[in-house]
Structure formats: C-alpha cells, structure tokens
Number of protein chains: 2
Amino acid sequence: MIYSFMLAILVGLLKWFQWKFLIVDNAIDIYIGLIAVFFTLLGIWIATQLTRPRVEKVIVEKEIFVPITDEFTINKTELDKLNLTKREYEILQLITKGHSNADIASLLFLSLSTVKTHTSNLFVKMNVKRRTQAIEKAKRLQIVE
Amino acid sequence: MIYSFMLAILVGLLKWFQWKFLIVDNAIDIYIGLIAVFFTLLGIWIATQLTRPRVEKVIVEKEIFVPITDEFTINKTELDKLNLTKREYEILQLITKGHSNADIASLLFLSLSTVKTHTSNLFVKMNVKRRTQAIEKAKRLQIVE
DNA sequence: AAGCTCTTCATACCTTAGTACCGATTTTAT
DNA sequence: ATAAAATCGGTACTAAGGTATGAAGAGCTT
C-alpha cells in the first residue's frame, strides 16, 4: 500500500517534471538529480522498513556456582561388608529413624520377639552393643540416610 | 568511494538520458520511471550496506557445580528454640555419639542418676520419648554433628 | 535477702532394649 | 535334592533407659 502510494506520488512528480522541463529546458539535469536523490532516500527508507533488524546473537557464558545437591548416596561398599540381610537392613533403617522395637514390630507386622532377634543379630554383625551405637555407625559409614 | 563511483554513473546516466530524450521526446516518462526504479534499488542497496547488524549479547547461565564444603555448622536458631542448658546439650551430643547413660556418667564424672535426670529433662524439651528419637531430631535439625 | 535456674544426687518403679537358647518354616544356592 | 541361610516366633532373663519425686547447693538477678 505504501509502495502504491509512492507510485502515485511518482506519477504526480513525473507530470510536474514534464511540465517543468517544457518551461525551463536547461534545468533538466537538476530535476533528474533531485529525482535521483529522492528515490535513493525512498529506497533507503523502504529498505529500513522492509528489512528486519539484523540481530547477531553473541552468547556470553555467565558462570553460576551451584552447590552440589546434597543427594544422599549410600556407601554400598561398607554396606556389603556388613553382610546384612534384607530384614536386618530394613530394621536398621527404622532404628535410625528413632523407632522402638515395638514400633518396628507394628510397622513390619512382626512380633516383638522377631524384631528383637533381628536387632540382636544386626548388632553382632555391626559389632555394636546398643542401637544408639548402630545409629552412629550407620550414619558414619553412610549406609543409611 | 562507492558513493562517488555511483555519482559518476549518475552523471553518465544523466548525459545518456539527456541525449535520449532529445531523440525520443515522448519517451521521457519511461526514462524518469527507470531512473526512479534504479535509484530506489540503489537506496535499498545503500541501506543494507549501511545498517550494521545489531549485536545482541545473550547471557547464558552456565551452572558450575561446586562440591559442598562439608564444614558442619550448627543450626543456632533451632538450638536456641529448644532452650537447652549447657549440660543438657553436652549430654545430647554424647547421646548422638552412641554413648550409654553409664558411659556419659563416667565421661562427665557424674552419677547415673544425674545423667538420667538430665536426659529426662532433655527429652521433655525436645519433645521426644526415647534417646533414639532425640538423635534423629537433633541430626535433622542440625544441632549436632 | 528472696527468688530463680542450673546442677547434682538419690530412691522407687516401670518400660524398653538386648541376650541366650530354642524350634519351625521358607528361600536360596550348590 | 540337599544344605545353608534367612525368616519368624517363643520363653526367660539381664541390662539399660526412662519417669516421678524430692532434696540440696551454686550462682545469678531483682
């Protein structure tokens, strides 16, 4: 639309210049020059309108120091050394969470006797005498969270 | 330089056009139109040459994982909340290391009774029922190492 | 000086933890 | 298939943990 409008102006200008050079024949160079300048500017204007601004992206890396997420990973080596059974390890985990033997019996649907048997065997394997020592050792060896 | 070269072409063209319209007087509109189109294109070309691409800096955050300096710092806020006495806190620390009441009595040169009194008061303040729960809570609140 | 908290210790009582020893299934590995 | 390990459960006993209550001295504040 803008361009067609420009063409309209162009036509008008042509008529005007045509009339002009009939009057002043020698001034034709000047008019042509003016046309040249005008259309050059028009071209520049069109170009700036049509061409999207060329954007050159320069990627700048900004270093951000992030503390390693304190993901707990069990020390499998140490855990294997202890040679605990599934049940024993399960019970150890509950012990470290502060559960009593009675609690554990309820949680695992076992009798108190069974839990006591497991804990006793567990302590022998861990080479500790009390559950509090088991907790301390388990946390130190990183075999529980 | 390019522009002066263009002006040279322009001068040449003017002479050519001037000569042309002397020969074919009626064709002036066409020549003017050609001039318009040419200089429009010239303007567009100049514009594309002149406009430098805008440089846009894109800052990309690069995460660098830094191992947590595992310097343990006690959570003073949580510790203050509990309002423990020196002795109680001292005993709590020994409990978390797996010591029995008898051990603690020996270590602190106290009677077993005294240790029991302290632990009992400690558990009330910590709102727990057993030493294992105290351990779990103390570690969770990071008030002991 | 009176009041407060902290500390120490004691007795009595109850609960939980832990050991020892046993028997019985069920899994797992050879 | 057989042996070994793991699981489950029980009784009886001892050890340790925990509660309740009281008492007394030390140190601090008002």
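Quick note on labels: first sequence line is chain A, next is B, and so on, each numbered from 1.
Phosphate contact (OP1/OP2 of C:dT19, side-chain N/O of A:S120, threshold under 4.0 Å): present. Distances shorter than 4.0 Å separate none of the side-chain N or O atoms of A:R130 from OP1 or OP2 on C:dA17. At C:dT16, none of the side-chain N or O atoms of A:S100 fall inside 4.0 Å of OP1 or OP2 (strictly under the cut-off). Residue B:S111 places at least one side-chain N or O under 4.0 Å from the OP1 or OP2 atom of C:dA10. Considering only side-chain N and O atoms, B:H118 lies nowhere under 4.0 angstrom from the phosphate OP1 or OP2 of C:dT7.
To the nearest angstrom, C1' of C:dT8 lies 17 Å from CG of B:L107. Atom CG in A:L112 sits roughly 11 Å away from atom C1' in C:dG18 (whole-Å rounding). Atom NZ of A:K129 is separated from atom P of D:dT14 by 18 Å (rounded to the nearest Å). Taking atom CD1 of B:I95 as the reference point, atom C1' of D:dG18 lies 11 Å away to the nearest angstrom. As rounded to whole Å, 14 Å separates atom C1' of D:dA6 from atom CG of A:L122. If you measure from atom CG of B:N101 to atom C1' of D:dT19, you get 13 Å, rounded to the nearest angstrom. Rounded to an integer number of Å, the gap from CG of A:N121 to C1' of C:dG18 is 11 Å. Atom NZ in A:K86 sits about 11 Å away from atom C1' in C:dT28, given to the nearest Å.
Closest to the side chain of A:T85, from the set D:dA6, C:dC6, D:dC8, is D:dA6. Of the candidates D:dG17, D:dC8, C:dT7, D:dC8 carries the atom nearest the A:T114 side chain, counting heavy atoms from C-beta on.
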Residue pair A:D103, A:L94: steps toward the side chain to side chain contact (heavy atoms under 4.5 Å, CB included) verdict: CA-CA 9 Å; A:D103 285 346; A:L94 292 175; over 6 Å; no
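Proximity of a side-chain donor or acceptor of B:Q142 to a complementary backbone N or O of B:K139 within less than 3.5 Å is not detected. In this structure, A:Y89 contributes its side chain and A:V144 its backbone to no donor-acceptor pair below 3.5 Å.
The CD atom of A:Q133 sits 8.0 Å away from atom OG of B:S100, with the distance rounded to the nearest 0.5 Å. Here the NE2-CG distance, from A:H118 to A:L110, works out to 6.0 Å after rounding to the nearest 0.5 Å. Here the NZ-CD1 distance, from B:K97 to B:I104, works out to 10.5 Å after rounding to the nearest 0.5 Å. Annotation: the span from B:I135 atom CD1 to A:I135 atom CD1 amounts to 4.5 Å, rounded to 0.5 Å.
Over its length, the helix from C:dA1-D:dT30 to C:dT30-D:dA1 turns its helix axis by 60°, as judged from the five terminal pairs at each end, rounded to 10°.
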Sequence neighbours left out, cut at 3.5 Å: what donor-acceptor pairs do the side chains of residues 76-84 of chain B make with other protein atoms?
{"residue": "B:E78", "atom": "OE2", "partner": "B:K81", "partner atom": "NZ", "Å": "3.1"}

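Judged by closest nucleotide on DNA chain D, A:R87 is the one of A:R87 and A:S113 placed further toward the 5' end. Across the interface with DNA chain C, nearest-nucleotide mapping of A:F123 and B:F109 shows B:F109 to be the residue nearer the 5′ end.
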Grab the N/O contacts between the protein and nucleotides 24-29 of chain D below 3.5 Å, and write none if there aren't any.
none

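In summary, of the residues considered (A:L108, A:T117, A:L122), a side-chain contact (heavy atoms from CB on, under 4.5 Å) with A:R87 occurs for A:L108 alone.
With salt bridges taken as basic N to acidic carboxylate O contacts below 4.0 Å, one links A:R140 and A:E136.
No engagement by B:T119 is indicated, since no non-hydrogen atom pair under 4.0 Å with the nucleic acid exists.
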